[in-house]
Student: 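First the structure, which I've put down as structure tokens, then a few questions once you've had a look.
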Amino acid sequence: MARLNDQVAALLQEYADLLLLTGGDAYRARAYEKAARAVGGHPDDLAALDAKGLQQIPGVGKSTAEKITEYLATGRVAKLEQLRAEIPAGLREIMAVPTIGPKKAALLHRELGISTVDELRAAAETDRLNDLPGLGARTAENIRHGIDQLRAGGGRVLISTATELAEEIVAAVSAAPGCERCGHAGSLRRMRETIGDVDVLAVAEDSAPLMAALTDLPQVTEVIATGTTKTSVRTTAGLQVDLRVVPPGDWGAALVYFTGSKAHNIALRARAVRAGLKLSEYGLFEADGGRKIVSATEEEVYEALGLSWIPPTLREDRGETDAALAGELPDLVQESDICGDLHTHTDLTDGLAPLEAMLAAAADRSLAYVAVTDHAPDLAMQRMTDAKMLAQREQARALDRRYRGLRVLHGTELNIDRDGNVDWLPEFLAGFDLCVASIHSHFTADRDTQTRRLIRACENPYVHVIGHPTTRLLGRRPPIDVDLEAVYEACARTGTVLEINASPERLDLGDQDILAARRHGVRFAVDTDAHAVPHLANLRYGIGTAQRGWLTADEVVNTWPLQKLRRYLKKKS
DNA sequence: GCCGTTTTCGGCCCGACTGTTTTCAGTCG
């Protein structure tokens, strides 16, 4: 079951969609969309708030607060039920088809009685769509194509997939004649956990060679649209790429604009309007007269709006503009702050590389320490034994300081069973420098069981870190159903560290959970869970996620020098 | 529906592209 705040956010978003489908006031719908975002991103549990408290959330007014209170009390919202009764559920799904928005969806339903994607598909196969005002032959073709894309899982991809593609495209466009500057923007620059499309921005007097460099790439399967300022293509990865080319001098304003998020841009624009200015991708202008004030760098744009530069990972309209105004932006943890990795595997269990190779690679990445944490016996398929583990410990001790002074911590990744117990007896556990404990089974146990299970693990004096706490796999497995607030409380109470697993398939904890956990004073570890040498480079995705959770270096224990970390770990057992 | 460093009313971000239009509506980001 989703977190209460997320449930409410989904209801408010649905309400906004249904308002649009019934031709309601667009501003009213936008107000609900904004409230949905605000509620989803709100750190406190809504159940703890009364109507007064709810209205303290920016974007939530009297009417929205009433709907939330009604939902909390009765589990329903009468106005929403009313709209649901009026509009077939499938119409919302139709809006997910590219080129179909609320207006076309409503028109299709009103004129042709279409209320599901399948019915739309059938209608697009015939000439029935051509009779509608404003729809022609191309429209039907676009709809057929859009449905194909949707069905092909045209959803979001992992950040690693998008990063690799973006780097190839930036390299190709940068090499085009006349390209003065090129980089990626969009949700990828903000380091969202999954990516819907890749935005690339470039600077040139003449855009044509740059557009050609993109459309000529072998990864491009289809050119969706092309003009002098924007070209959109689809790639073999199934991912859409938008390339925008702006004139020299407009880089900063364009980068702000195309980095987003949309909500952040709206907040910036509203701020500009209040100051008698107008912000677009071409610069910051005086509202009357239109004189350009700045556009060359992001720093200039933010400064002219009275704000310090806001890191892209914070640009989600979660209070970052207010913080920038007050000079209270967090000093975000950087990849260069990381001194060690506390969760890695070798070929002793399911890793690919031998211990020496992992240590050498960690040293090459300039880490000061690394914990080797192979699986423990309860994961039977890993065939771990006491003897094997002790032999590895001896080997680890022998290799300590051998690679550029790298310190080696001998650890393990314990398995948290259904009742919250872990592998081995206390006497054996006491021999490890560090223990990570994670859930690897019973993903569908009920909420009470999962909560009890994780709290029990936190209370184990030998468990230092909870690995991938929700066990979600992005796009494949949902997070376990657990009372995370209770787990955060237990972590804070026992000094147990929560992992931010940097594997692009996990990114667990995610940014919203981090924001909630840090309010309990929890400490975090950004770990790669590397099962191979290249996985050590995934650290950047974990750092991006930590930044999206507003974390500073001090809140992340593996930015600490080894001595300080050891003292912290010792306090527990 | 929400909101306020001119405002408790009257605004609410802005531009590109597409398709079907002879001047614009819808969608998208």
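We use all heavy atoms of the structure for the numbers below, so side chains are in, but hydrogens, waters and symmetry mates are not.
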Student: Name the one of T471(A), N501(A), T470(A), T545(A) that satisfies side-chain hydrogen bond (donor to acceptor under 3.5 Å, both in side chains) with D508(A)?
Tutor: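 When T471(A), N501(A), T470(A), T545(A) are each tested with D508(A), the side-chain hydrogen bond (donor to acceptor under 3.5 Å, both in side chains) holds only for T470(A).
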Student: Give, ordered by number, those residues of residues 88-111 of chain A having at least one heavy-atom distance below 4.0 Å to an atom of DNA chain B; if nothing qualifies, reply none.
Tutor: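 Within this stretch, V97(A), P98(A), T99(A), I100(A), G101(A), P102(A), K103(A), K104(A) sit under 4.0 Å of the strand.
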Student: What is the distance, rounded to the nearest whole Å, between atom CG of L20(A) and atom C1' of dG1(B)?
Tutor: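 Spelled out: CG on L20(A) to C1' on dG1(B) is 13 Å.
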Student: Is A140(A) touching bases, backbone alone, or none of the nucleic acid, heavy atoms closer than 4.0 Å?
Tutor: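 The answer is nothing, as A140(A) stays clear of every strand by at least 4.0 Å.
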Student: Please give me every residue in residues 176-185 of chain A whose heavy atoms get under 4.0 Å of an atom in DNA chain B, ordered by residue number.
Tutor: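 Nothing qualifies; none.
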Student: Quick one: look up who dT8(B) pairs with, Watson-Crick or G-U, both distances under 3.5 Å, and put none if it's unpaired.
Tutor: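 Partner of dT8(B): none.
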Student: Nearest whole Å is fine: how far is dG1(B) P from Q13(A) CD?
Tutor: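 After rounding, the gap between these two atoms is 17 Å.
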Student: Under the salt bridge (charged side-chain N to carboxylate O under 4.0 Å, His left out) test, which residues partner D199(A), sequence neighbours left out?
Tutor: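 Testing D199(A) for salt bridge (charged side-chain N to carboxylate O under 4.0 Å, His left out), a comparison that skips the adjacent residues, returns R244(A).
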Student: Taking only residues two or more places apart in sequence or in another chain, which ones pass ring-ring contact (aromatic ring centres under 6.0 Å, His included) with H145(A)?
Tutor: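 For H145(A), no residue satisfies ring-ring contact (aromatic ring centres under 6.0 Å, His included) once neighbours in sequence are set aside.
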Student: Report the residues that fulfil side-chain contact (heavy atoms from CB on, under 4.5 Å) with E14(A), sequence neighbours left out, ordered by chain and then residue number.
Tutor: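 Counting only residues at least two positions away or on another chain, E14(A) forms a side-chain contact (heavy atoms from CB on, under 4.5 Å) with L11(A), L18(A), L80(A), R84(A), R92(A).
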Student: Taking all heavy atoms of V526(A) and all of G542(A), pick out the closest pair and write down the distance.
Tutor: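 Reported closest heavy-atom pair: CG1-C, 3.6 Å.
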Student: How close do D317(A) and R37(A) get, heavy atom to heavy atom, and via which atoms?
Tutor: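 Looking at all heavy atoms of both residues, the shortest contact is OD2-NH2, 4.5 Å.
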Student: From the list dC17(B), dG19(B), dG29(B), which nucleotide is the closest neighbour of the side chain of T229(A)?
Tutor: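 Side chain of T229(A) sits closest to dC17(B).
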Student: For D242(A) and dC17(B), give me the distance from atom CG to atom C1', rounded to whole Å.
Tutor: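 One finds 11 Å between C1' of dC17(B) and CG of D242(A), rounded.
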Student: If the C1' atom of dT5(B) is compared with that of dG15(B), how far apart are they to the nearest Å?
Tutor: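 Looking at atom C1' only, dT5(B) and dG15(B) are 30 Å apart.
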Student: Where along residues 47-59 of chain A does a heavy atom fall under 4.0 Å from DNA chain B?
Tutor: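 Close to the strand are P58(A), G59(A).
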Student: For residues 223-240 of chain A, which residue pairs pass the salt bridge (charged side-chain N to carboxylate O under 4.0 Å, His left out) check, not counting sequence neighbours?
Tutor: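 Only E222(A)-R234(A) qualify under salt bridge (charged side-chain N to carboxylate O under 4.0 Å, His left out).
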Student: Heavy-atom count around E205(A) CD within 6.0 Å, excluding the residue itself: above 12?
Tutor: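 No, CD of E205(A) has 12 or fewer neighbouring heavy atoms, counting only those of other groups under 6.0 Å.
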Student: For nucleotides 8-13 of chain B, read 5' to 3', which letter fits each nucleotide if B means a protein heavy atom sits under 4.0 Å from the base, S means only the sugar-phosphate is that close, and - means neither?
Tutor: ----BB
Student: Okay, side chain of E555(A), backbone of T552(A): is any donor-acceptor separation there less than 3.5 Å?
Tutor: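 Side chain of E555(A) to backbone of T552(A), a donor-acceptor pair under 3.5 Å: yes, one is there.
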Student: Applying salt bridge (charged side-chain N to carboxylate O under 4.0 Å, His left out), can you list everything that pairs with K262(A), at least two apart in sequence or on another chain?
Tutor: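 By the salt bridge (charged side-chain N to carboxylate O under 4.0 Å, His left out) rule, K262(A) matches no residue at all.
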Student: Enumerate the residue pairs fulfilling salt bridge (charged side-chain N to carboxylate O under 4.0 Å, His left out) with a member in residues 58-72 of chain A, sequence neighbours excluded, ordered by first and then second residue.
Tutor: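 Of all non-adjacent pairs touching residues 58-72 of chain A, those that pass salt bridge (charged side-chain N to carboxylate O under 4.0 Å, His left out) are K62(A)-E66(A).
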Student: With DNA chain B as reference, determine whether A225(A) or R274(A) sits nearer its 5' end, using the nearest nucleotide of each.
Tutor: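 Nearest-nucleotide comparison on DNA chain B picks R274(A).
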Student: Return the set of residues passing salt bridge (charged side-chain N to carboxylate O under 4.0 Å, His left out) with E299(A) (not counting sequence neighbours), or none when no residue passes.
Tutor: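 If we apply the salt bridge (charged side-chain N to carboxylate O under 4.0 Å, His left out) test to E299(A), skipping adjacent residues, there are no hits.
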Student: Under the salt bridge (charged side-chain N to carboxylate O under 4.0 Å, His left out) rule, collect the residues that match up with E164(A), sequence neighbours excluded.
Tutor: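 None.
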Student: From the list dT18(B), dG15(B), dC2(B), which nucleotide is the closest neighbour of the side chain of E281(A)?
Tutor: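 Of the options given, the side chain of E281(A) lies nearest dG15(B).
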